[in-house]
Amino acid sequence: MLEVMTDKQFDKILKMVAMILDGCKDLSEAKEKVAELLDQNPGESAREEK
């Protein structure tokens, strides 16, 4: 079954990404934080759904 993301869900994800990036000094720190979040929530990552 194909799941469709609503505009509201997409906006919320972008806001969360912006919050993560806001506190980062550089790109490598941002990548580390995102990787850490993906490891904590493996069922929610896009990689798991493929």
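Below, all heavy atoms of this structure are taken into account, side chains as well, without hydrogens, waters or symmetry copies.
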Which value, rounded to the nearest 0.5 Å, describes the distance between Cys24 atom SG and Glu32 atom CD?
9.0 Å
The residue among Thr6, Leu14, Asp7 that forms side chain to side chain contact (heavy atoms under 4.5 Å, CB included) with Phe10 is Leu14
Pairs flagged by side-chain hydrogen bond (donor to acceptor under 3.5 Å, both in side chains) wherever residues 10-21 is involved - sequence neighbours left out
none
Once side chain to side chain contact (heavy atoms under 4.5 Å, CB included) is applied, do any residues pair with Ser28, and if so which ones, sequence neighbours excluded?
Asp26
Tell me every residue that passes salt bridge (charged side-chain N to carboxylate O under 4.0 Å, His left out) with Glu29, counting only those two or more places apart in sequence or in another chain.
Lys33
Smallest heavy-atom separation, Gln9 atom then Val4 atom, equals OE1-O, 4.0 Å
Would you indicate whether the side-chain heavy atoms of Ile20 and Leu37 approach each other to under 4.5 Å?
yes
